[in-house]
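Convention: sequence-line order gives letters A, B, ...; per-chain numbering from 1.
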There are 2 protein chains.
Amino acid sequence: MQRRNTNQRKLIYEVLKNTNIHPTADWIYEQVRKEISNISLGTVYRNLKVLKEEGKILEINDGKQSRFDARTDKHFHFKCTSCAGIYDIDKEGIIEINDAKLAQMGYFVQDLDVVFVGICYKCKTGEN
Amino acid sequence: MQRRNTNQRKLIYEVLKNTNIHPTADWIYEQVRKEISNISLGTVYRNLKVLKEEGKILEINDGKQSRFDARTDKHFHFKCTSCAGIYDIDKEGIIEINDAKLAQMGYFVQDLDVVFVGICYKCKTGEN
DNA sequence: CTATGTGCAAAGTGTTTGCAAATTT
DNA sequence: AAATTTGCAAACACTTTGCACATAG
């Protein structure tokens with residue numbers, strides 16, 4: 001399939017690249033609406049799906065809603081139980097995995113989803 | 001709130017304890033229906049919520065559906081991309097986490113969700 | 001007896017889709 | 001010109017909820 005580079009698609013991707021809050025489709029829709037006021041939510045969903053297929057963005061499953069992330073290099077997430085914020089955690093030096101043991105058990109790991117759950121600095125110190 | 005031990009609740013919990021497939025609410029509903037034929041899906045959802053509040057079961061978020069797990073001790077999951085099965089992975093000797101570094105970064109970790117994604121033995125060897 | 005739980009059906013929420021018109025290439 | 005994409009609204013899938021009746025304690 002020969003993809004087109006529509007304004008809608010470009011802008012949706014731009015909006016997502018310029019935030020680090022891992023937004024929902026609805027949040028992206030509201031942002032994009034500021035520029036393309038008659039865009040529909042369906043178009044946002046369709047383009048997020050396309051961008052995901054192209055490997056340009058990731059879908060994060062957070063409860064019943066999907067969130068999206070334009071950062072596609074391998075990294076982890078931290079979810080604050082107080083403010084519900086999702087933060088990026090660089091991979092390096094955080095986790096060590098025993099792949100050999102997993103393979104021995106019959107699980108051939110290709111990917112890894114890690115979500116740390118806890119309290120972020122702001123919430124802990126009452127800065128909010 | 002003073003909880004009652006209804007047949008519905010007991011059976012839902014039993015069904016979930018006796019499987020390791022991390023079923024959906026609907027699967028549980030179908031099983032329970034074999035014994036209590038007029039139970040409603042709403043009752044299944046309500047009781048799963050109660051059991052979760054009581055800490056007896058866990059809710060696992062898998063795409064748009066919730067799955068449930070009566071195993072509440074700390075463990076990880078492996079999700080096969082081929083058969084979509086979810087398997088339990090014992091915690092021991094699988095992962096090493098640098099909590100100190102995370103705390104240093106301002107993330108105070110209380111819990112950890114890990115999902116390994118890959119191919120299970122059965123799918124890899126074509127046993128299915 | 002009374003607070004808690006149930007079955008039912010309707011409503012809610014996030015997401016997807018069919019279609020005719022519009023747009024990209 | 002042809003194929004892709006759009007806006008719109010309706011449809012969908014999963015989950016929650018209001019209510020009158022039932023039941024555990």
**Fill in**
Whether each nucleotide of nucleotides 17-25 of chain D has a protein heavy atom under 4.0 Å at its base (B), only at its sugar-phosphate (S) or at neither (-) is summarised, 5' to 3', as BB----BBS
**Message:** Check the orientation of B/F116 and B/F76. Use parallel for under 30°, tilted for 30 to 60°, and perpendicular for over 60°.
**Reply:** perpendicular
**Request:** Taking only Lys NZ, Arg NE, NH1 and NH2, and the carboxylate oxygens of Asp or Glu, determine whether A/R71 and A/D90 approach each other closer than 4.0 Å.
**Result:** yes
**Asked** A/I57 and A/V32: same hydrophobic cluster, using ILVMFWY side-chain contacts below 4.5 Å?
**Response** yes
**Item:** Within residues 53-67 of chain A: residues closer than 4.0 Å to DNA chain C (heavy atoms)
**Value:** A/K64, A/Q65, A/S66
**Request:** Would you mind listing the cluster partners of A/L58? Hydrophobic ones only (ILVMFWY), side-chain contacts under 4.5 Å, chaining allowed.
**Result:** none
**Request:** Kindly assign one of parallel, tilted or perpendicular to the pair A/F78 and B/Y107, based on the angle between their ring planes and the thresholds 30° and 60°.
**Result:** tilted
**Pairwise distance CD(B/E14) to CD(B/E35) - rounded to 0.5 angstrom** = 10.0 Å
**Request:** Determine whether the side chains of B/H22 and B/D88 contain a donor N or O and an acceptor N or O closer than 3.5 Å.
**Result:** yes
**Message:** Less than 4.0 angstrom from a charged side-chain N to a carboxylate O is my criterion; do B/D62 and B/K79 meet it?
**Reply:** yes
**Message:** Using a 4.0 Å cut-off to any heavy atom of chain B, which nucleotides of DNA chain C are the first and last in contact, reading 5' to 3'?
**Reply:** C/dA3 to C/dT16
**Request:** Would you confirm whether A/K74, through its side chain, and A/L112, through its main-chain N or O, come within 3.5 Å as a donor-acceptor pair?
**Result:** yes
**Fill in**
Rounded to whole Å, the CG-C1' distance (A/L48 to D/dT6) equals 15 Å
**Prompt:** Rounded to the nearest 0.5 Å, how far does CD of B/E96 lie from CD1 of A/I94?
**Reply:** 13.0 Å
**Prompt:** So, for A/I12 and A/I28, which heavy atoms are closest and what is the spacing to 0.1 Å?
**Reply:** CG2-CG2, 4.1 Å
**Request:** Using five base pairs at each end, measure the axis-to-axis angle across the helix from C/dC1-D/dG25 to C/dT25-D/dA1 and round it to 10 degrees.
**Result:** 40°
**Request:** Output yes when A/E54 and A/R9 qualify as a salt bridge under the 4.0 Å nitrogen-oxygen rule, no when they do not.
**Result:** no
**Prompt:** For residues 8-33 of chain A, which residues have at least one heavy atom under 4.0 Å from DNA chain D?
**Reply:** A/Q8, A/R9
**Item:** Carboxylate-amine/guanidinium contact A/D69 A/R67, below 4.0 Å
**Value:** no
**Message:** Could you check whether any side-chain N or O of A/N98 sits under 3.5 Å from a backbone N or O of B/G93, counting only pairs where one atom can act as donor and the other as acceptor?
**Reply:** yes
**Item:** Nearest atoms (heavy-atom pairs only) where B/T72 meets B/K56
**Value:** CG2-O, 3.3 Å
